[in-house]
Visitor: 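Provided herewith is a single structure, encoded as structure tokens, for subsequent inquiry.
For clarity, every value in this text was computed on a predicted model and none was experimentally measured. Chain letters run A, B, ... following the sequence lines, proteins first, then strands; residues in each count from 1.
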Amino acid sequence: LSEPQQQPGIGVDQWVADSEARSRTLRGRAVELYDRTPAVVKLLALAAPFVLFPLFVESGYLMQVSIDTLVFVLLALGLNVVVGWVGLLDLGYVAFFGVGAYLYAALASEYAGRHWDAQWALPLVVLSTAVVGFLIGLPSRRLVGDYLAIVTLFFLQIWLVVVLNSQFTRGPNGISDIQPLDFFGHQVTTLDGSYYVLVGALLVVVSILYLVNQSRTGRAWRALREDELAAELMTMPVARLKLLAFAFGAGVAGLAGALFAAQQGAIFPSSVAIPLLITVYAMVVLGGAGSIFGVIFGAVLVNASLEALQTPENASVLFFSALVIGLALVLRPWWRFAAVAAATIVFGIVFHAVAGWLDPSLTEGTTVGGARIDDLVSHWVILPEGIVTGDGLPAGPFARLLYIGLVAAVLGLTLVRNRLWRDVLLVPTAYFACVVWENIMLPQPSVSRFVLIGAMLVALMAARPEGIFGTKRVEIV
Amino acid sequence: VDWDKLVQLLVNGVTLGSVYALVALGFSLVYGILKLLNLAHGDVVMVGAFLGWGILSWLGGAESPAVAVWLLITVMVVGAMIGCGFLGVAIERFAYRPLRRAPRIAPLISALGVSFFIQNSVLLLFGADFRSYDTDFLVDVDVGIDWGPLIVWLIRLVVILAAFAMMLGLWLLVTRTRLGRAMRATAFDREAAEMMGVDVDRVIVTTFFIGSALAGAAGVLIGLVFFQINHFMGFNYGLKGFTAAVVGGIGSIPGAMFGGLLIGIVESLSVGYIEDFTGGRLNSAFRDLVVFSILIVFMLLRPQGLFGKPEVKKV
């Protein structure tokens, strides 16, 4: 007979039973401290870096990027209500962003001939987009996930068609003389002003979302996310709760759209499309759907990365550091990582030398990246001459096969079960990835970043579906 | 009534509809078995169109094909079917299988990622320009049926017949073979089928292969009839395919077929008549609005679709 295991007695929660042991570790104490901090203090701690940020920033470009980031944070928070708390797949979400932006343009622009003050225009925009969201959700058969996904995706398409083709929205030209926010006669025209308006909006939205999440409604939302049937049997009005969440998300997106339009002074149909949708999803999922802090973190991280990836100068720095950090996280303990990294570098040097000796044209191309790392790397990865054309497209089938081969190699690598073999095969794959990056992806950074976002979503779902700060969920069968 | 116009629009509608039906079938098959909305399905159609285009250029292009035209078209369709079949299997293996026990929303987000990845990979490799099949060089535009108002260009006839042949083949496969029986069993109750000795993983992989192969064929047929392809075309065909499957009854094969035809004909008719009916206020770009209203009407009045059975939730 084996020793009886130390288990909590019947009726005692495992979590409660462990609390003593947990509070002794460093991490346990940190969690305890976090749990005991009042929400107001947490909110202030969260707001402080955002409020102080402009004091340290001189460049207008950086300020503009921060403003865009805040818009994205707002947008991601709204999607978090729908996806993170209620678990509905709303694929038309960004259309509500567009609805909000155009509605604001209709209320306050030269073109529409109306000049509403922001304190009246913004609440009206939020309410109307919430109503639109409600109406779109209504016909979906009891708002079961997949039907909702199709209806909302189609709604996004309809939105694009209407905006591109109708008279009022001026089609692809967009509306470009939207007036800035005007609170009781005080116009917000400076970048700093717009920034602080957005921070204020963010504080209000975060507080409301926090309170809603703590409320009866918030608990009901999470309950029906975990088990809809059980929630229904507990007499929760499931359809109404879902519509409420849906309208809530739409309202937040509408607010983000209105603030965006007012800050930019213009809105174009191309601002609202599939890439925006996927980007917002990536933010919510990466940060951790369901966690307010996680979503804010995810939005800042994703938007900063996307912005950095737009120019070849920064793109390589980001790519190589992400590669190194990613490998370091996956390959533990540290000596595994060190061995693989060293082997990759040696492999590259040998491969480069052999390739140059066999056919000098394989190494005589030039890199388009401007960062120092690119100069360094160009002596290490092979750069075949003329692999891309002038506009950055692959010149021939060889380059396309190289890319497809890399995708196949990475996917194949995940199937290798033996750890040693996987590490060994990782070496040429990592080198291969650097070759494809320098030759094929770097010439078109604005497309490559979306490729990376797509790949990130798939990898994240397979490896860590709860994201960075989310809580792990278990499907109960 | 302008009969010539009406008949022509109907012919267009049936052509478009048979392509939609093929897309809807693949989507519906996968949904039936995994209860999973394969959002990447539209992009598989797009990859099929590019594979067909690649084979066409590899074999000399439309102006000077290296082999007989009928053989060329067959090779294009079969090549795209095989390529897309394997693409579908890879998508299932790497994006969906690890998530089979995850919360319902996880595979959908993964599918979103796959769709975006494929779309932008094609954009990265081929650029945003439209590519043309140049079918008018391949097949003479004047050849075909010409009975009074009914004029059907030969290539359209081929496309419609090919689509229906594939649908018939699929229907026979599902109703008459052992594999089909295993597929139906898995769709009905996966766990029970597993306990009865059905190799569920193999059934799922086969289903993905067949569904994606149909999507690949649809991609080539689209290229043949409508000439132009680009990296973003998958969105429209995926969306209409989903709609067709929902309208026909998700999970039902005849449903997907009729749903596809219905959506195709409605879309074609609204292209032709929307300006007349709205006094020129709405142009043909608003055809999607009409299709969307059809979807909403079905959602409200007959949510299980034309051929679907109302879902009964088992507890």
Side-chain angles (χ1 to χ4, degrees), chain A residues 83 87-89 91 139-142 144-147 149-151 153-155 157-158 161-162 164-165 167 225 229 274-275 277-278 281-282 285 289 391 393-394 399-400 403-404 407-408 411 414-415 440-441 444 447-448 450-451 453-462 465 473-475 477, chain B residues 31 35-37 39 54 58 90 93-95 98-99 101-121 123-128 232 235-236 238-239 242-243 245-246 250 281-283 285-289 291-292 295-297 299-300 303-304 311 313 315:
Chain A
V83 173
L88 300 173
L89 196 69
L91 295 179
S140 310
R141 176 207 205 180
R142 301 187 63 241
V144 177
D146 306 325
Y147 289 84
I150 294 171
V151 170
L153 188 63
F154 214 138
F155 173 65
Q157 165 77 352
I158 293 299
V161 166
V162 168
L164 272 172
N165 293 292
Q167 294 277 310
R225 173 190 75 189
L229 199 63
I274 307 287
L277 178 73
I278 310 279
Y281 263 92
V285 172
D391 48 3
L393 287 176
R400 290 177 189 137
Y403 178 84
I404 297 166
V407 175
L411 292 180
T414 63
L415 292 182
I440 299 170
M441 298 184 77
Q444 299 182 75
V447 180
S448 302
F450 289 135
V451 171
I453 286 271
M456 192 271 291
L457 273 181
V458 179
L460 193 68
M461 278 296 123
R473 286 173 54 204
V474 187
E475 186 85 332
V477 187
Chain B
Y31 190 89
K35 301 283 174 289
L36 167 75
L37 191 74
L39 288 169
W58 180 56
R93 180 67 190 77
F94 293 103
L99 300 173
R101 297 211 169 270
R104 260 184 86 72
I105 202 161
L108 291 172
I109 292 175
S110 190
L112 217 55
V114 172
S115 160
F116 203 54
F117 177 80
I118 295 179
Q119 217 177 82
N120 283 291
S121 294
L123 179 62
L124 184 76
L125 298 182
F126 292 92
F232 196 62
F235 180 72
N236 180 41
L239 192 62
F242 301 153
T243 310
V246 169
I250 214 160
R281 267 190 292 276
L282 299 181
N283 58 24
F286 284 91
R287 60 181 180 268
D288 284 345
L289 209 60
V291 179
F292 186 59
L295 177 67
I296 296 294
V297 167
M299 287 272 176
L300 289 174
Q304 73 270 32
E311 214 171 285
K313 210 186 270 175
V315 185

Visitor: Between atom CG of A:Leu89 and atom CD1 of B:Ile105, what is the distance when rounded to the nearest 0.5 Å?
Guide: 5.0 Å
Visitor: State, to 0.1 Å, how close A:Gln444 and B:Leu124 come at their nearest heavy-atom pair, and which atoms those are.
Guide: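 Here A:Gln444 and B:Leu124 meet closest at NE2-O, 2.9 Å.
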Visitor: With a 4.5 angstrom heavy-atom cut-off, is it the side chain or the backbone of B:Val114 that approaches chain A, or both, or neither?
Guide: both
Visitor: Quick one: what part of A:Val285 sits under 4.5 Å from any heavy atom of chain B, side chain, backbone, both or neither?
Guide: side chain
Visitor: Could you have a look at B:Leu289, B:Val246, B:Val297 and say which one has the most heavy-atom pairs with chain A under 4.5 angstrom?
Guide: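 Top option by heavy-atom pairs under 4.5 Å: B:Leu289.
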Visitor: How many angstroms lie between atom OG of B:Ser115 and atom CD1 of A:Ile274, to the nearest 0.5 angstrom?
Guide: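 Rounded to the nearest 0.5 Å, the OG-CD1 separation comes out at 7.5 Å.
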Visitor: Need one label for B:Phe235: side chain, backbone, both or neither, based on atoms under 4.5 Å from any heavy atom in chain A.
Guide: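 The side chain, not the backbone.
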Visitor: Go through A:Asn165, A:Val407, A:Leu164 and name the one with the most non-hydrogen pairs under 4.5 angstrom from chain B.
Guide: A:Asn165
Visitor: At a 4.5 Å cut-off on heavy atoms, which part of A:Leu91 comes close to chain B: side chain, backbone, both, or neither?
Guide: side chain
Visitor: When heavy-atom pairs shorter than 4.5 Å are enumerated against chain A, which of B:Leu39, B:Leu295, B:Val291, B:Ile109 gives the highest number?
Guide: B:Ile109
Visitor: Quick one: pull up CD1 in A:Ile453 and CZ in B:Phe116 and give me the separation to the nearest 0.5 Å.
Guide: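 One gets 7.5 Å once the value is rounded to the nearest 0.5 Å.
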Visitor: Which atoms of A:Leu415 come close to chain B, meaning under 4.5 Å heavy atom to heavy atom: side chain ones, backbone ones, both, or neither?
Guide: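 It is the side chain, since no backbone atom gets that close.
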Visitor: Between OG of B:Ser121 and CZ of A:Arg400, what distance do you get to the nearest 0.5 Å?
Guide: 13.0 Å
Visitor: Does any heavy atom of chain B fall under 4.5 Å from the side chain of A:Ile158, the backbone, both, or neither of them?
Guide: side chain
Visitor: Nearest heavy-atom pair of B:Asp288 and A:Gln157: which atoms, and what distance?
Guide: OD2-NE2, 2.7 Å
Visitor: Which one wins on heavy-atom pair count under 4.5 Å against chain B: A:Leu460, A:Val458, A:Ile440, A:Ile404?
Guide: A:Val458
Visitor: Mind running side-chain contact (heavy atoms from CB on, under 4.5 Å) on A:Tyr281 and B:Leu112 for me, showing each step along the way?
Guide: CA-CA 9 Å; A:Tyr281 263 92; B:Leu112 217 55; 3.9 Å; yes
Visitor: Could you tell me which portion of B:Leu99 (side chain, backbone, both or neither) has an atom closer than 4.5 angstrom to a non-hydrogen atom of chain A?
Guide: side chain
Visitor: Please classify the contact between B:Arg93 and chain A as side chain, backbone, both or neither, with a heavy-atom cut-off of under 4.5 Å.
Guide: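 For B:Arg93, the contact with chain A is made by the side chain alone.
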Visitor: Could you look at B:Leu36 and say if it's the side chain, the backbone, both or neither that has a heavy atom under 4.5 Å from chain A?
Guide: neither
Visitor: Report the option among A:Ala408, A:Pro394, A:Ala399, A:Ala459 that has the most heavy-atom pairs separated by less than 4.5 Å from atoms of chain B.
Guide: A:Pro394
Visitor: Measure the acute angle between the ring planes of B:Phe292 and A:Phe154, then classify it against the limits of 30° and 60° as parallel, tilted or perpendicular.
Guide: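 Taking A:Phe154 first and then B:Phe292, their aromatic rings sit tilted (interplane angle of 30° to 60°).
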Visitor: What part of B:Leu125 gets within 4.5 angstrom of chain A, counting heavy atoms only: side chain, backbone, both, or neither?
Guide: both
Visitor: If you measure from CG on B:Leu239 to CD1 on A:Ile150, what distance do you get to the nearest 0.5 Å?
Guide: 8.5 Å
Visitor: For A:Val162, is it the side chain, the backbone, both, or neither that has a heavy atom closer than 4.5 Å to a heavy atom of chain B?
Guide: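 Both parts, backbone and side chain.
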Visitor: Would you compute the distance between atom CZ of B:Phe117 and atom CD1 of A:Ile278 and round it to the nearest 0.5 angstrom?
Guide: 13.5 Å
